[in-house]
Participant: 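Here it is: the structure, laid out below.
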Amino acid sequence: MPVKNTVCMNALLLGYSEAKMWMDGLALVRKMPCLSLCLDNFTFSAVLRACVGLSVFELGKEVHGCVIRKVYDVESDVFLQSLLVEMYGKCGLVEKARHVFDMVGFRCGERKKDVVLWTSMLGVCGRNGKFEEVISLFNDMVMEGIKPDGVALLTILSACSHTGHVNLGMEYFESMACKYSLEPSPEHYSCVIDLLCRAGELDRAWKLINDLSYKENDNFTVTLWGALLSACHNFDNVELGKLAAQRALDLDPQNDGVYVLLSNMYARNGMWNEIEMLREQVKEKGLKKDIGHSLVDITR
């Protein structure tokens with residue numbers, strides 16, 4: 001292009017970002033001053049995405065300083081703010097991410113946080129194991145009148161799963177449809193099944209899978225039955241585990257993973273006759289378990 005401008009550069013940066021070519025994007029941004037091109041909000045957002053992708057704190061901190069100096073109306077750009085939160089969170093600096101989050105709208109004298117920014121902060125706490133903070137933050141968001149989206153609810157369900165707040169997690173799950181008019185996705189169902197299985201609430205997990213609205217998605221439902229079977233193995237509930245395995249095999253008779261889980265449960269409980277019968281069934285179906293292997297990546 002004989003005449004380059006910031007808009008075209010940003011379009012190219014978007015391509016690098018989508019392809020996760022973070023270093024190429026950063027190299028392009030470094031050339032912009034030489035081309036007498038200014039950096040705008042979109043350019044800073046692209047650089048912060050690269051910092052998130054590469055987990056480079058020092059560069060992200062420098063970009064944050066540039067944003068403060070160069071972007072006058074940063075309070076109005078919620079995506080730029082959320083990327084700053086995610087950048088610090090990706091580097092494990094939850095307190096710095098929270099500082100950015102708490103300072104939003106400071107110059108205007110009011111808080112201007114929408115669901116995107118709240119969800120970013122919830123995600124930072126969740127990814128860094130701050131599950132109790134996720135629950136507290138989610139309650140604060142609701143108290144401020146912000147309607148949570150599917151991502152926020154997925155984060156709070158995961159937090160409840162890791163902290164053992166079963167009833168609270170089920171309340172949030174049930175509130176999706178009745179309170180927030182959101183249709184639970186497969187990810188939400190997976191998370192709530194994990195919540196119940198971790199707590200040993202196997203009968204409740206069984207009922208939920210039975211009542212599942214995603215019955216047309218056999219692969220997803222098989223995954224849930226497999227999760228329940230694994231939990232039955234951990235809690236020595238052989239009878240329910242056998243039923244879960246049968247339901248999974250009814251949907252996918254060739255699923256060798258279900259046979260492996262079932263065999264492991266039998267072995268844990270010393271049910272050797274059942275294991276022998278299971279092996280015969282596997283042979284009849286012509287199934288073979290894939291051989292496990294490990295890969296070592298050596299960087300010189």
Side-chain angles (χ1 to χ4, degrees), residues 150-151 153-162 164-178 181-293:
V151 177
L153 282 157
L154 187 62
T155 306
I156 189 67
L157 287 174
S158 177
C160 290
S161 176
H162 284 86
H165 293 300
V166 180
N167 292 330
L168 182 61
M170 293 305 296
E171 286 180 16
Y172 288 133
F173 178 70
E174 292 165 1
S175 71
M176 290 187 66
C178 64
S181 302
L182 295 171
E183 179 71 21
S185 70
E187 289 76 16
H188 292 104
Y189 278 107
S190 295
C191 203
V192 80
I193 292 299
D194 179 68
L195 164 70
L196 295 171
C197 287
R198 280 174 179 263
E201 299 278 356
L202 306 184
D203 291 332
R204 292 176 72 179
W206 169 275
K207 185 178 184 304
L208 181 60
I209 301 174
N210 262 337
D211 298 339
L212 193 58
S213 61
Y214 283 88
K215 291 180 180 178
E216 70 278 4
N217 189 335
D218 289 348
N219 291 332
F220 169 63
T221 309
V222 168
T223 301
L224 294 187
W225 286 123
L228 178 57
L229 172 57
S230 181
C232 290
H233 167 266
N234 295 333
F235 287 95
D236 294 324
N237 192 331
V238 177
E239 293 305 315
L240 188 60
K242 289 166 66 176
L243 292 173
Q246 187 57 55
R247 296 297 289 273
L249 292 173
D250 287 343
L251 294 170
D252 186 3
Q254 302 299 113
N255 192 312
D256 56 352
V258 175
Y259 285 104
V260 172
L261 287 172
L262 188 57
S263 178
N264 291 341
M265 184 180 69
Y266 285 155
R268 176 177 172 132
N269 291 275
M271 302 170 67
W272 309 116
N273 291 334
E274 285 78 0
I275 290 177
E276 190 62 34
M277 293 172 61
L278 195 62
R279 286 175 178 169
E280 291 299 323
Q281 293 179 29
V282 171
K283 288 180 181 179
E284 290 175 4
K285 293 179 180 294
L287 299 176
K288 290 184 180 180
K289 182 180 180 296
D290 292 335
I291 298 174
H293 64 278

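Position 1 is the first residue of the sequence; numbering continues from there.
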Participant: If I take atom SG from residue Cys160 and atom CG from residue Leu195, how far apart are they, to the nearest 0.5 angstrom?
Facilitator: 6.5 Å
Participant: What pairs with Leu278 under side chain to side chain contact (heavy atoms under 4.5 Å, CB included), at least two apart in sequence or on another chain?
Facilitator: Tyr259, Leu262, Ser263, Tyr266, Gln281
Participant: First locate atom CG of Leu157, then atom CE of Met170, and finally report the distance between them rounded to the nearest 0.5 Å.
Facilitator: 9.0 Å
Participant: Can you list everything that forms a salt bridge (Lys or Arg N to Asp or Glu O under 4.0 Å) with Asp252? Sequence neighbours excluded, please.
Facilitator: none
Participant: Just do the side-chain hydrogen bond (donor to acceptor under 3.5 Å, both in side chains) check on Glu171 and Asn167 with the steps written out, would you?
Facilitator: CA-CA 6 Å; Glu171 286 180 16; Asn167 292 330; over 6 Å; no
Participant: Would you name the heavy atoms of Trp272 and Ala267 that are closest together and state the gap between them?
Facilitator: CH2-O, 3.8 Å
Participant: Residues in side chain to side chain contact (heavy atoms under 4.5 Å, CB included) with Glu187, at least two apart?
Facilitator: Leu154, Ser185
Participant: Only pairs under 3.5 Å count here: list side-chain donor-acceptor contacts from residues 222-239, not counting sequence neighbours, and write none if there are none.
Facilitator:
residue: Thr223; atom: OG1; partner: Asn219; partner atom: O; Å: 3.0
residue: Asn234; atom: ND2; partner: Ser230; partner atom: O; Å: 3.4
residue: Asp236; atom: OD1; partner: Arg268; partner atom: NE; Å: 2.8
residue: Asn237; atom: OD1; partner: Leu240; partner atom: N; Å: 3.2

Participant: If I compare all heavy atoms of Asn269 with all of Met265, which pair ends up nearest, and what's the gap?
Facilitator: ND2-O, 2.9 Å
Participant: What is the minimum heavy-atom distance between Trp206 and Arg247, and which atoms define it?
Facilitator: CZ2-NH1, 3.7 Å
Participant: Ile193 and Ala205: which non-hydrogen atoms are nearest, and at how many Å?
Facilitator: CD1-O, 3.8 Å
Participant: Of all residues at least two apart in sequence or in a different chain, which pass the side chain to side chain contact (heavy atoms under 4.5 Å, CB included) check with Glu201?
Facilitator: Val166, Leu196, Ala199, Arg204
Participant: Can you give me the closest heavy-atom contact between Leu153 and Tyr172, atom names plus distance?
Facilitator: CD2-O, 4.1 Å
Participant: Just jot down the salt bridge (Lys or Arg N to Asp or Glu O under 4.0 Å) partners of Arg198, sequence neighbours excluded, or say none.
Facilitator: Asp194
Participant: With rounding to the nearest 0.5 Å, note down the distance linking CE in Met277 to CD in Glu280.
Facilitator: 9.5 Å
